[in-house]
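Working notes, structure below.
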Amino acid sequence: MSVRLLALTQGDPAGIGPELALAAWRLRQERAIPPFAYLGSVAVLAGLNERLGLRVPVRPVGWDQAEACFATALPVIALENAPLARAGTPDPANAVGVIEAIERGVEAVETGRAAALVTNPIAKSVLYAAGFQHPGHTEFLAELAGRGREATPRPVMMIWSEELAVIPVTIHIPLEAVPRQLTTELIVETGWIAASDLTRRFGVARPRLALCGLNPHAGEGGSLGKEDAAVIAPAVEQLRALGIEASGPYPADTLFHARARAGYDVALGMYHDQALIPIKTIAFDEGVNVTLGLPFIRTSPDHGTAFDIAGKGIARPDSLCAALRLAARMAAAERGEPM
């Protein structure tokens, strides 16, 4: 029997991750939440239980007991490094536990103890203050995935919802740097990774990729910019030559209404806001951050640590619940089961 348990990391324990895990467990029947084991601090969860009056039973267990435990208690894989974090108070002392949870979560999926990894939000500034050397959460996961392999996998960020899925080809760079970093090769690699994972982990037999233009009106024949014809259109042709159903470049301002969305499975935006504004408008609370291109499944809620509301019991668990359900669906598709 294959493992269906998910590994859920604590994220930053001073943020909303721990209370969202408690909330997701409470909603397990109402929202059909798949079984998950929480990598984090029992003491932090106990403190939130008392502070928020949640009364969630929390049980430290090993991986082999976690799935059976889930029906009656939140199973916790206790960390060796777990300072008693204060909700809403970022502290570099928490960094060692944040990193341990991520590393042990990756180990769990790579050794088959968990079917997929779901990560709660971290605060890069807190980790940087403790000497963290990686650009971000996703890059750290890619490096962990690359250990013992010939090459580090190239991760691709997709934000997914039932209504829309988007991928930014360039991500956290200044807008002025986008034309320099946007290349035909980068677009083709991104599209190839997206199509491969949509087939393998989303059960889409022939993924349809729609590519946004970079400039207004997709360059309007070159009068509003040359990149659409010189960089993006050749990428579309190369993806088609690889057997991928790619189209575009399209004017981005006409690509995200309901009728247009029916014509593709994922839209590739050329820069961060071009891709993320539409999905955060359509599905702000339900969006899921999915990392494509890794040798294991990884999803995450599409929000941050929210230190300003941590410990107040007002954080919405919608995105985490969606991330847990999607991770289970992807794992099922990878096993060859219908999504």
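Side chains are part of it too, since the values below use all heavy atoms of this structure and drop only hydrogens, waters and symmetry mates.
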**OP:** Decide side-chain contact (heavy atoms from CB on, under 4.5 Å) for W160 and M330; before the verdict, give the C-alpha distance in whole Å, the side-chain angles of both, and the deciding distance to 0.1 Å.
**Re:** CA-CA 12 Å; W160 177 94; M330 293 172 66; over 6 Å; no

Subject >> Residues E107, R104: salt bridge by 4.0 Å N-O rule >> reply: no

Please output the side-chain donor-acceptor pairs of residues 75-87 that fall under 3.5 Å, not counting sequence neighbours, one pair per line with the distance.
residue	atom	partner	partner atom	Å
N81	ND2	E100	OE1	3.0

Subject >> salt bridge (Lys or Arg N to Asp or Glu O under 4.0 Å) pairs, two or more places apart, involving residues 244-272 >> reply: R206-E245, R208-D265

Subject >> ILVMFWY network linking I232 to L242, side-chain heavy atoms under 4.5 angstrom >> reply: yes

**OP:** Apply the salt bridge (Lys or Arg N to Asp or Glu O under 4.0 Å) test between R4 and each candidate in E67, E337, E334; give the one that qualifies.
**Re:** E337

**OP:** Kindly state each residue pair satisfying salt bridge (Lys or Arg N to Asp or Glu O under 4.0 Å) with at least one member in residues 177-196, sequence neighbours excluded.
**Re:** R154-E189

Original post:
Tell me the salt bridge (Lys or Arg N to Asp or Glu O under 4.0 Å) pairs involving residues 209-220, sequence neighbours left out?
Top reply: none

**OP:** Check whether any side-chain heavy atom of L39 lies under 4.5 Å from a side-chain heavy atom of Q10, and answer yes or no.
**Re:** no

Original post:
To the nearest 0.5 Å, what is the distance between CG (L214) and CG (L224)?
Top reply: 11.0 Å

**OP:** Sequence neighbours left out, what pairs pass ring-ring contact (aromatic ring centres under 6.0 Å, His included) with at least one residue falling in residues 75-110?
**Re:** none

Original post:
Using 4.0 Å as the upper bound for N to carboxylate O, is an ion pair formed by E139 and K124?
Top reply: no

Original post:
So how far is it from Y264 OH to L209 CG, rounded to the nearest 0.5 Å?
Top reply: 11.0 Å

Please table the atom pairs, donor to acceptor, closer than 3.5 Å between any side-chain atom in residues 276-285 and protein atoms at least two apart or in another chain.
residue	atom	partner	partner atom	Å
T281	OG1	I277	O	2.8
D285	OD2	R316	NH1	3.2

Original post:
Are L22 and N49 close enough that some pair of their side-chain heavy atoms sits under 4.5 Å apart?
Top reply: yes

Subject >> P317 and R26, any side-chain heavy atoms less than 4.5 Å apart >> reply: no

Subject >> Residue that, paired with L74, satisfies side chain to side chain contact (heavy atoms under 4.5 Å, CB included) out of L8, V56, V42 >> reply: V56

**OP:** Drop me the distance from T119's OG1 to L320's CG, to the nearest 0.5 angstrom.
**Re:** 9.5 Å

Original post:
Looking at CD of E103 and CZ of R147, how far apart are the two atoms once the value is rounded to the nearest 0.5 Å?
Top reply: 6.0 Å

Original post:
Who pairs with Y38 by ring-ring contact (aromatic ring centres under 6.0 Å, His included), at least two apart in sequence or on another chain?
Top reply: none

**OP:** Quick one: do L5 and R113 satisfy side-chain contact (heavy atoms from CB on, under 4.5 Å)? Show the steps, please.
**Re:** CA-CA 8 Å; L5 181 74; R113 291 173 175 165; over 6 Å; no

Original post:
So if you build clusters from Ile, Leu, Val, Met, Phe, Trp, Tyr with side-chain heavy-atom gaps below 4.5 Å, do V126 and I99 land together?
Top reply: no

Subject >> R325 and I33: CA distance, side-chain angles, deciding distance, side-chain contact (heavy atoms from CB on, under 4.5 Å) verdict >> reply: CA-CA 6 Å; R325 289 195 302 269; I33 305 299; 4.0 Å; yes

Original post:
Just one of V118, I297, V288 clears the side chain to side chain contact (heavy atoms under 4.5 Å, CB included) bar with L326, so which one?
Top reply: V288

**OP:** Return each pair, listed once, that meets ring-ring contact (aromatic ring centres under 6.0 Å, His included) where at least one residue sits in residues 215-260; pairs must be two or more places apart or across chains.
**Re:** none

Original post:
Measuring from S247:OG to R240:CZ, what's the distance to the nearest 0.5 Å?
Top reply: 6.5 Å

Original post:
Are M270 and V231 close enough that some pair of their side-chain heavy atoms sits under 4.5 Å apart?
Top reply: no

Original post:
Closest heavy-atom contact between L324 and L6?
Top reply: O-CD1, 3.3 Å

Original post:
Quick one: are P121 and D12 in side-chain contact, heavy atoms under 4.5 Å?
Top reply: no

Subject >> Close side-chain approach of E227 to N215, heavy-atom, < 4.5 Å >> reply: yes

Subject >> Distance (rounded to the nearest 0.5 Å) between R298 CZ and L141 CG >> reply: 5.0 Å

Original post:
If you take all heavy atoms of L52 and K312, which pair is closest and at what distance?
Top reply: CD2-C, 3.8 Å

**OP:** Kindly give the heavy-atom pair with the smallest separation between A235 and I187, and that separation in Å.
**Re:** CB-CG2, 3.5 Å

Subject >> Pairs flagged by salt bridge (Lys or Arg N to Asp or Glu O under 4.0 Å) wherever residues 27-56 is involved - sequence neighbours left out >> reply: R31-D318

Original post:
Any idea which heavy atoms bring V109 and A116 closest together, and the distance?
Top reply: CG1-C, 3.4 Å

**OP:** With sequence neighbours left out, write down each residue that passes side-chain contact (heavy atoms from CB on, under 4.5 Å) with P155, or none if nothing qualifies.
**Re:** T138, A142, T291, L294

Original post:
What pairs meet the ring-ring contact (aromatic ring centres under 6.0 Å, His included) rule with one or both residues in residues 113-157, with sequence neighbours excluded?
Top reply: F132-H134, F132-F140, H134-F140

**OP:** Check S319 against D302 and note the closest heavy-atom contact, atom names and distance.
**Re:** OG-N, 2.9 Å

**OP:** Check V61 against C69 and note the closest heavy-atom contact, atom names and distance.
**Re:** CG1-SG, 4.2 Å

**OP:** Side-chain contact test, heavy atoms from C-beta onward, threshold under 4.5 Å: evaluate it for D197 versus V156 and give yes or no.
**Re:** no

**OP:** Decide yes or no for P207 and T199: does some side-chain heavy atom of the first lie under 4.5 Å from some side-chain heavy atom of the second?
**Re:** yes

Original post:
Any link between V290 and I171 through a network of hydrophobic side chains (Ile, Leu, Val, Met, Phe, Trp, Tyr) touching at under 4.5 Å?
Top reply: no

Original post:
Checking W25 side chain against F70 main chain: does a donor-acceptor pair fall under 3.5 Å?
Top reply: yes

**OP:** Report yes or no: do I167 and V236 belong to one cluster of Ile/Leu/Val/Met/Phe/Trp/Tyr joined by side chain heavy-atom distances under 4.5 Å?
**Re:** yes

Original post:
Does the N120 side chain pair with the main chain of T9, one donor and one acceptor, at a distance under 3.5 Å?
Top reply: yes

Original post:
Can you list the other members of the hydrophobic cluster that holds V96, where links are side-chain heavy atoms under 4.5 angstrom apart?
Top reply: none

